[in-house]
Amino acid sequence: MSMDFTIDTIAQAACRPKPTDESQLGFGKIYSDHMFTMRWTPETGWVEPRVRLFENLSLSPAALVLHYGQTVFEGLKAYRNPAGSVNLFRAADNAARFARSAQRLDLPPVPDDIFLEACKTLIELDHEWIPRSHGTSLYIRPTMIATEPYIGLKSSSEVLFYVITGPVGAYYPEGFSPVRITVCEGYSRAGPGGLGSAKTAANYAASLRAEKEAIKAGFTQVLWLDASRRRYVEEVGSMNILFKIDGTVVTPPSGDTILAGITKDSVLELLRSWEVAVEERRLTIDDVLSAHQNGQLEEVFGAGTAAVISPVGQLAYNDKTYSIGNGEAGPVALELFDELMGIQYGQRPDPFGWITKVDIA
Ligand code: PLP
Ligand code: COI
């Protein structure tokens, strides 16, 4: 399905100043000048695809999304490459996951080509917002929300799809240095048959209280265990988790309680190509701690679009804190970080065909 987008001309006076110090970008605070919007109803399908000024939305206070959380989103990044164009990383996989998330939340699918075209058009128009220094990128946030005003519980018959972008640096305050993670014991994030495999607000809402408590206790984020038995390791609030145990990289398989991370999938592909043993299997927190006790827990690291590769220096469980690799990033995490970023920034070959190039004026 292809559609002609209406592209608004934005007055120079409406454009905001771009950040000048890329070392201070942080994550998610700055937005580019344009956004993409498109509306859906069952009668019309998707209509009014439009690239316009980034501005506040006008929404009924009764909009279903505000009451019942019918919404999904994605997160992907665009990077400047040495040839002067822009690399989009595995965007088709984000489009596919967006459609799967939408299905779970009973929202209409956005055709993949429109999802991708919206991202590319924003990159072209807002290319001056893409930062230049290594470790920075343009973060792209496609989002779908239920806009129908209705206080009864039902699936919305009015939906808005929009895409916003903004320059980002490191996600965690630690930058790319090791983070401290604590196992969440008092709360659950996603249960069997629930929303865990969808990228939807409710999963993140379920994590906020736990995260605040973790940060207060001096940690960066929470490691979630399975909701039924609180034994099996699942994922961190904003990234998947991997453990290198006695030479093998082990990670829980994505299922209905764990997001199928695109970075994790890329990491597994890279490791297999390097002939490092990998296993996608369930593992308990006790498995992890006994590996630590036996001296076999060589590395722990997270993987995610915002988080990139994030080494875990400390892991806390049951009031005890375990140091991993003396709190330093391990060699596999470092090599993965370099290789992944090398591919993303177009500084290393792309043997898996992960990059889509976008030309900019
Ligand atoms: N798990 C959760 C809960 C996330 O929010 C993310 C980030 O998007 C990930 C895992 C990693 O997914 P991806 O690598 O596709 O960004
Ligand atoms: C991402 O990594 O793209 C995410 O959506 C995680 C979010 C918590 C920032």
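Remember, it's 1-based here, ligands and their atoms both numbered in the order they're listed.
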Short list, please: which atoms of ligand 2 are under 4.0 Å from a heavy atom of [X]?
X	answer
Ser238	8 (C)
Lys199	4 (C), 5 (O)
Phe73	5 (O)

Tell me: protein heavy atom nearest [atom], and distance?
atom	answer
atom 3 (O) of ligand 2	Tyr139 OH, 2.5 Å
atom 9 (C) of ligand 2	Tyr171 CE1, 3.7 Å
atom 2 (O) of ligand 2	Ala306 N, 2.8 Å

- At a 4.0 angstrom heavy-atom cut-off, what protein residues surround ligand 1? Arg97, Arg189, Lys199, Tyr204, Glu235, Val236, Gly237, Ser238, Met239, Asn240, Leu259, Gly261, Ile262, Thr263, Ala303, Gly304, Thr305

- Item | Within the 6.0 Å centroid threshold, strictly below: Phe98 and Phe115 | yes

- Give, for atom NZ of Lys120 and atom CD1 of Ile140, the distance between the pair rounded to the nearest 0.5 Å. 11.0 Å

- Item | Remaining members of the apolar cluster that contains Ile151, side-chain heavy atoms under 4.5 Å | Leu64, Tyr68, Tyr150, Leu153

- Do other residues, nucleotides or ligands put more than 12 heavy atoms under 6.0 Å from the CD atom of Gln103?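 No, because the 6.0 Å sphere around CD of Gln103 holds 12 heavy atoms or fewer from other groups.
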
- Task: Give a yes or no on whether a salt bridge exists between Glu55 and Arg16, defined as a side-chain N under 4.0 angstrom from a carboxylate O.
- Result: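 Salt bridge: no.
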
- Could you say whether the N/O atoms of Arg141 and ligand 2 ever approach to under 3.5 Å?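 Yes; the residue has a nitrogen or oxygen that sits under 3.5 Å from a nitrogen or oxygen of the ligand.
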
- Of all the heavy-atom pairs spanning Gly69 and Leu105, show the shortest one and how long it is.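 Between these two residues, the closest heavy atoms are O-CD1, 4.1 Å.
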
- Item | Quiz item: cation-pi between Arg90 and Phe352, 6.0 Å / 45° |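 Here Arg90 fails the 6.0 Å and 45° test against Phe352.
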
- Sole candidate of Glu235, Glu280, Glu269 that passes salt bridge (Lys or Arg N to Asp or Glu O under 4.0 Å) when paired with Lys264: Glu280

- Task: For Tyr139 and Arg141, test the side chains for any donor-to-acceptor distance below 3.5 angstrom and give the result as yes or no.
- Result: yes

